[in-house]
Amino acid sequence: MPPRLAPVTDHDALDAPADPEITAPAAASDAKLLLIDGHSMAFRAFFALPVENFATTDGQPTNAVYGFTSMLINLVRDEQPTHVFVAWDMSGPTFRTEQYAEYKGTRSAAPDEFKGQVPLIQEVLAALSIPHVGISGIEADDVLATLTDRAERQGAEVLVCSGDRDTFQLVTDRVTVLYPRKGVSDLVRMTPAAVEEKYGVPPGRYPDLAALVGETSDNLPGVPGVGPKTAAKWINAYDGLDGVVGSATAITGKAGESLRANLAQVIMNRQLNGLMRDVDTPLQLADLVRVPIDREAVHQVFDALQFRVLRDRLFDMLPKDEAGTAEDVEDLAVQVTDLVPGALAPWLAAREGQELGLDVAGTSAHGTGDAWALAIADGEGESLAIDLATIGDADLDVLGAWLADPAAAITVHDAKSTSHSLAGRGLVLAGVTLDTLLAAYLCHPDQRTYDLGDLTVRYLKRELPSGVDAASDGMLDLGLDGDSSGGRTAAARAVAVRELGEPLRADLATRGATALMGDVELPVLATLVDMERAGIAADVPYFTTLLNEFDAAVERAAAGAYEAIGRSVNLGSPKQLQEVLFDELGMPKTRKTKTGYTTDADALADLFARTEHPFLENLLAHREAIRLRQTVEGLLKSVSPDGRIHTTFQQTVAATGRLSSVDPNLQNIPIRTTEGYRIREGFVVGEGYEGLLTADYSQIEMRIMAHLSGDAGLIEAFRSGEDLHRYVGSRVFGVAPEDVTSAMRAKIKAMSYGLAYGLSAFGLSKQLGIGAGEARGLMDDYFERFGGVRDYLTGVVDDARQEGWTSTILDRRRYLPDLTSDNRQRREMAERMALNAPIQGSAADVVKVAMIGVSSQLRLRGLASRLLLQVHDELVLEVAPGEREEVTELVRAQMAAAADLSVPLDVSVGFGRSWRDAGH
DNA sequence: ATTTTGACGTA
DNA sequence: CGTACGTCAAAATA
């Protein structure tokens, strides 16, 4: 029976016109051919990705299609092959089964979920214009071997992607096998050296080795008692399998006996595992050249498969969208004019109503700053550089008025820092309509930095002129020779900022974040400027006393610890502690870390409970004391000359949308322990104010969860006004609310909060110190009563997997590509992030809206009270004399009204002379 | 000299 | 095998 081309052959793809974007290699020797064993890789993909997580809404499983396509996109992106081809196995007999009926006989039938996916993969390949063929009676590997030979003879480089080790025999200097180690994303490059290293024989003799050792997956038995080591030894000693067979009688020992008994099998193995290199197929290298994808078909197929994330990745990879390669990036065109006295007003007048870019060279920290130069750029690449050291009074007045004009329409990168810098020169920044830093953050909230130079390359395909991409507050800008080099630097940055406005606005719109930027992030930024500038008053004498006290406690604990073991060690060194605890004192080993065994507080407390060794007691006391001392020391160091501590709120670091606080971090001041709580007494009301007011949301994340899930029981819990955990506990345990014991309440509380973090039954049992069974039962009971919560939690992850992102009540997105990773660790991590991001992020949205409401009400009513701090669900204000009542009401009202949820937002307020007194 | 790790504070 | 952060000192690495 002559081999015939199978129906899956996609001749249309072969006939497609050459892609103008992909230039065919001038000679075959420049060609790079990617060959894929379709079934082998599809099968790997099927087992790498959990089938229950990958299905279209009508139930068609797609995990193999997804994994295969994902692998293909990655390979094409990373390897940049000029030619691609996929070979398929066909059902029915092959020359191997004819020769040996048991060939591959141990293979169980493919799962039903798998079978249907192969035609879908073929549809994807058709849309991608990738030729793919199955030939009856011939295995895919034989087709690949034949094409490998043909391509290699023409001087091409070949990559063979297959999970079948028989392909190792194809490896040469020009042929590399990509063999999946785990899943389909972790491919090992099998080069001649790699094969030799792993098996001890060159690639050409791999089939010799396999014939001796056997191949379980093909149902080819090897010689009993002969493993890869012995086989390699023989093959090398007798110059190949023929030599081994010929000298079989000369091989001594048990293994030799075994070999002689199985010679026939070995010889047949070798016949079967040798790949055919002369399959009769008309396919030539030239037929496999990459051609343009059929965009329309890709959209259709990917729509049907509901692959959103993959589609984006695919289109991102295509040459057309691939701009940003080094040779494409030119310098940004900038025309700089140094300010001539009197020229500012006409320059601005000529650009009345236009969006202008601003960049300021200066510094900022601790709620203040300085500026020495700035530049304003228009949309034509013209930039006006202004040296603030030499600017005349008239121009300064014009500049000040323009900056302070709310209608000025200014785009700037990092408006918060810029505001502080300008404030150092008495200038106010008001008319910011876009902050490119914030915009980049909203579009890519997981990124670590949003450097202006990087944005320029990414969005404009332009490079900032050399020496300019450093932040404008660098000392380089000082212009030591007295010229306005600070202004020159600012000039280029201002142009970049101005030009970034358009693509970033478009990107914000695409991602549904326009309103979030305009209504939340920019207004809250203005509030943060005021908060950072205000700072919070510190009671320095009190902190100093506290420092001494903690110091003494550190000494005491250290002395106690040294006495307990009869020598001194560095108590802050986990390494030395491990020596003491596990080697010297012989205590039971704790949980493992990368470098040994943990000495964290939990583990130490556990060890103390078991051994009651006084060293542990002192060590724990030392840990606490040294930490408190450290905290107080840090706070004292950060007190500004005005006697206040000015933290910096970071608006673009937390991927969920929260703020963070640095230098110092005022969002992690102790509160749980009584000793730690004393630190809050050092944060006090400032001169001229009446007291500090704290207002916090109670259980805001649980309320958000109730709202998002729409779970009737949970909503009712909040509406009833009953203690939440007591209410939930009564439902879960089936008792009256008043019969919920404190132990029951504690369990419920831990579980309720844990759910929002993706807590597992295992984690819950660990945390509560209960059995895994009890924890599992507790969770089952919980979900039994609050099924809406479970439906929400699973739904949110599934939706995120489909869409590629999660979103909050104000449409703040977090992108989680790892939801489709075939690495379980990464995937499950992303799943927990997907559970938490909408909850934590929505809470962050609500608090930001509240901050905007509070600060605008304070301003509208002409009150002197002011916001000082935000600690995620808590606001701290400084209240001016006589304003306490009005501010309390205003804060309550604004916070409660910050979001319209299906449950009330409960706010509790406290007042006092210190943060401690104001707490509750 | 700089980066990574372990530990630990907050929501 | 529970999310999001920042800070410090020690350890690891250059």
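Both backbone and side-chain heavy atoms feed into the values below; hydrogens, waters and symmetry mates do not. Proteins get letters first, then strands, A, B, ... in listed order; numbering begins at 1 in each. If you're wondering where the values come from, they're calculated on a predicted model, not measured in any experiment.
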Check whether [X] reaches the backbone of [Y] with its side chain - one donor and one acceptor, N or O, closer than 3.5 Å.
| X | Y | answer |
| --- | --- | --- |
| A:Tyr441 | A:Asp446 | no |
| A:His646 | A:Arg533 | yes |
| A:Lys416 | A:Phe649 | yes |

Using a 3.5 Å cut-off and no angle test, enumerate the donor-acceptor pairs between side-chain atoms of residues 752-760 of chain A and protein atoms at least two apart in sequence or in another chain.
| unit_1 | atom_1 | unit_2 | atom_2 | d |
| --- | --- | --- | --- | --- |
| A:Ser752 | OG | A:Ile748 | O | 3.1 |
| A:Ser752 | OG | A:Tyr782 | OH | 3.0 |
| A:Ser760 | OG | A:Gly763 | N | 3.1 |

Boundaries of the chain A footprint along DNA chain B (any atom under 4.0 Å from a heavy atom): B:dT5 to B:dA11
Please classify the nucleic acid contact of [X] as base, sugar-phosphate, or nothing, using heavy-atom distances under 4.0 Å.
| X | result |
| --- | --- |
| A:Lys594 | sugar-phosphate |
| A:Ile669 | sugar-phosphate |
| A:Ile671 | sugar-phosphate |
| A:Thr631 | nothing |
| A:Arg672 | base |
| A:Ala601 | sugar-phosphate |

Roughly, in whole Å, what's the span from [atom1] in [X] to [atom2] in [N]?
| X | N | atom1 | atom2 | result |
| --- | --- | --- | --- | --- |
| A:Asp818 | C:dT3 | CG | C1' | 16 Å |
| A:Arg623 | C:dC8 | CZ | P | 17 Å |
| A:Leu793 | C:dG2 | CG | P | 15 Å |
| A:Ile839 | C:dG2 | CD1 | C1' | 12 Å |
| A:Leu628 | C:dT7 | CG | P | 17 Å |

Kindly write out the residues that satisfy side chain to side chain contact (heavy atoms under 4.5 Å, CB included) with A:Glu774, not counting sequence neighbours, or none if the list is empty. A:Lys747, A:Ile770
Pairwise salt bridge (Lys or Arg N to Asp or Glu O under 4.0 Å) hits with a residue in residues 755-771 of chain A, at least two apart: none
So salt bridge (Lys or Arg N to Asp or Glu O under 4.0 Å) across residues 795-809 of chain A, not counting sequence neighbours, yields A:Arg308-A:Glu803, A:Asp798-A:Arg801, A:Arg801-A:Glu831
Side chain to side chain donor-acceptor pair (under 3.5 Å) with A:Thr599: which of A:Gln578, A:Lys575, A:Gln576, A:Arg623? A:Arg623
Find out whether A:Leu867 and A:Val876 are in side-chain contact, i.e. whether some heavy atom of one side chain is under 4.5 Å from a heavy atom of the other. no
Considering only atom P, compute the distance from C:dC1 to B:dT5 and round it to an integer number of Å. 16 Å
Give each protein N/O atom lying under 3.5 Å from an N/O atom of nucleotides 4-6 of chain C, with the pair distance.
| unit_1 | atom_1 | unit_2 | atom_2 | d |
| --- | --- | --- | --- | --- |
| C:dA4 | OP1 | A:Arg814 | NH1 | 2.9 |
| C:dA4 | OP1 | A:Arg814 | NH2 | 3.0 |
| C:dA4 | O4' | A:Gln840 | OE1 | 3.2 |
| C:dA4 | O4' | A:Gln840 | NE2 | 3.0 |
| C:dC5 | OP1 | A:Val653 | O | 3.4 |
| C:dC5 | OP1 | A:Ala655 | N | 2.9 |
| C:dG6 | OP1 | A:Ser660 | OG | 2.9 |
| C:dG6 | O4' | A:Asn665 | ND2 | 3.0 |

Expected list for residues 542-549 of chain A: side-chain donor-acceptor pairs under 3.5 angstrom, two or more places apart:
| unit_1 | atom_1 | unit_2 | atom_2 | d |
| --- | --- | --- | --- | --- |
| A:Tyr542 | OH | A:Arg678 | O | 2.8 |
| A:Thr544 | OG1 | A:Val540 | O | 2.7 |
| A:Thr545 | OG1 | A:Pro541 | O | 2.8 |
| A:Asn548 | ND2 | A:Thr544 | O | 3.4 |
| A:Glu549 | OE1 | A:Arg678 | NH2 | 3.1 |
| A:Glu549 | OE2 | A:Arg678 | NH1 | 2.6 |
| A:Glu549 | OE2 | A:Arg678 | NH2 | 2.9 |

Could I get the full list of ring-ring contact (aromatic ring centres under 6.0 Å, His included) partners for A:Phe718, not counting sequence neighbours? none
Is there any protein nitrogen or oxygen under 3.5 Å from a nitrogen or oxygen in nucleotides 12-14 of chain C, and what are the pairs?
none

Looking only at side chains, do A:Asp845 and A:Thr808 share a donor and an acceptor under 3.5 Å apart? yes
Can you pull out the residues from residues 773-784 of chain A that lie within a 4.0 Å heavy-atom distance of DNA chain C? none
Show me the side-chain donor-acceptor pairs of residues 907-919 of chain A shorter than 3.5 Å, one per line, residues at least two apart or across chains.
| unit_1 | atom_1 | unit_2 | atom_2 | d |
| --- | --- | --- | --- | --- |
| A:Ser908 | OG | A:Asp696 | OD1 | 3.4 |
| A:Ser914 | OG | A:Arg916 | N | 3.2 |
| A:Ser914 | OG | A:Asp917 | N | 3.0 |
| A:Ser914 | OG | A:Asp917 | OD2 | 3.3 |
| A:Trp915 | NE1 | A:Glu874 | OE2 | 3.2 |
| A:Arg916 | NH1 | A:Glu681 | OE1 | 2.6 |

List in chain and number order the residues that pass side chain to side chain donor-acceptor pair (under 3.5 Å) with A:Arg627, two or more places apart in sequence or in another chain; answer none if no residue qualifies. none
